[in-house]
Amino acid sequence: MSPLAERRFLKMHGAGNAIVVLDLRGTSIRVTPAEARTIAADAHSRFDQLMVVHEPVTPGTDAFMRIYNTDGSESGACGNGTRCVGYALLDDPAMARPAENGSLTLETKAGLVAVRRVTDRSFTVDMGQPRLRWDEIPLAEPFPDTRRIELQVGPIDDPILHSPAAVSMGNPHAIFFVERDPDTFDLGRIGPLLESHPIFPERANISIAQVTGRDTIKLRVWERGAGLTLACGTAACATVVAASRLRMIGRAARVALPGGELSIEWRADDHVLMTGPVYLEGEGTFAADLFAGLDG
Ligand SMILES: N[C@H](CCC[C@H](N)C(=O)O)C(=O)O
């Protein structure tokens, strides 16, 4: 029987991004891609990202997080999910441990993030610094200027989308800036084509963004390994950085996504701060036979 059977999880969302939080501290259990896919496929625990909390690795941090997409792939960052983990480690009766002044330092395979409470249901995450060099995104070709890369969708002489920005927030993002409403593009069809384009050796999250004011952006996201989601925190961060680099906005914006609004600031010290809501839908335990069909 899987060591995950009958373990408790929290069902949450951050601005509509479906998140499951699982606490594996005190165990040596590591969720396999197949187990993550199985959890995502169950109606009680479906997620866009699964946030697994492990014992801290680096001294001075509070926990190590592994982040799984619906397809079982792992990501180095998840903004909405990190706010949900912040809530769980500060407020959940079973998961909370004493924390320094209501803030936590969490580690992922991409580095450190810091989360702190703003209000009862709002948290700010310091997502760290954006990675902007072509080989940090990563891209398959040495683009000297990642503010616009040579990539387009549609006919060469009349592309539907072209010249996206490329940014990593610990995970790869391509952002197409458009003049008209992003909802008028068929991202459900375009997204999967671009997610796995050879220019992205680790695939990519694909965003379509419309700058609607000096500090407002409308954003739609096709997520790597998860598909269309109602919100994506790292995409919101990547989009503000990209728009700022292109002088389309200053260094902060409110980003409107289908599931809600996120406030992003690319601070002068190069750290990107994201503030947004968390919502606890409930909790559950994985059925004893949920993983029965998995070999090994
Ligand atoms: N929804 C997440 C992003 C997950 C990124 C994941 N799709 C990947 O990079 O593989 C967020 O709020 O930042």
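When a ligand or atom number is given, it counts from 1 through the structure's own listing order.
- For A226, no nitrogen or oxygen atom sits less than 3.5 Å from a nitrogen or oxygen atom of ligand 1, counting backbone and side chain alike.
- Counting heavy atoms from C-beta outward, Q210 and R220 have side chains that stay 4.5 Å or more apart.
- The shortest side-chain heavy-atom distance between R121 and Y87 falls under the 4.5 Å cut-off.
- Every atom of ligand 1 with a heavy atom of E223 under 4.0 Å away is listed here by number and element: 1 (N), 2 (C), 3 (C), 4 (C), 5 (C), 6 (C), 7 (N).
- Taking every heavy atom of N171 and a limit of under 4.0 angstrom, the matching atoms of ligand 1 come to 5 (C), 8 (C), 9 (O).
- Cluster membership for M51 and Y279, using ILVMFWY side-chain heavy atoms within less than 4.5 angstrom, is not shared.
- Polar contact check, C232 against ligand 1: no nitrogen or oxygen pair lies under 3.5 Å apart.
- Protein heavy atom nearest atom 2 (C) of ligand 1, with residue, atom name and distance: C78 SG, 3.4 Å.
- Considering all non-hydrogen atoms of both residues, G225 and N69 come closest at O-CB, 3.2 Å.
- Side-chain polar atoms of E223 and T229 form a donor-acceptor pair below 3.5 angstrom.
- Within 6.0 Å of the CZ atom in R247, the count of heavy atoms belonging to other residues, nucleotides or ligands does not exceed 12.
- By heavy-atom distance, the residue among A204, S75, S73 lying nearest atom 8 (C) of ligand 1 is S75.
- L4 places a side-chain heavy atom less than 4.5 Å from the side chain of I29.
- Residue N205 holds the heavy atom nearest to atom 9 (O) of ligand 1 of all those in I19, D48, N205, N69.
- Short contacts between ligand 1 and N80, defined as distances under 4.0 Å to a heavy atom of the residue, involve ligand atoms 11 (C), 12 (O).
- Applying the 4.0 Å criterion to heavy atoms of N17 picks out, from ligand 1, the atoms 1 (N), 2 (C), 11 (C), 12 (O).
- W134 and E141 share no side-chain donor-acceptor pair at under 3.5 Å.
- Ligand-side atoms of ligand 1 in range of G233: 11 (C), 12 (O), 13 (O), range being under 4.0 angstrom from any heavy atom.
- Every heavy atom of T229 sits 4.0 Å or more from the atoms of ligand 1.
- Under 4.0 angstrom from ligand 1, the non-hydrogen atoms of T234 come from both its backbone and its side chain.
- Contacts between Q49 and ligand 1 below 4.0 angstrom, taking non-hydrogen atoms only, involve the side chain exclusively.
- The neighbour count for R148 CZ, taken as heavy atoms of other residues, nucleotides or ligands under 6.0 Å away, is above 12.
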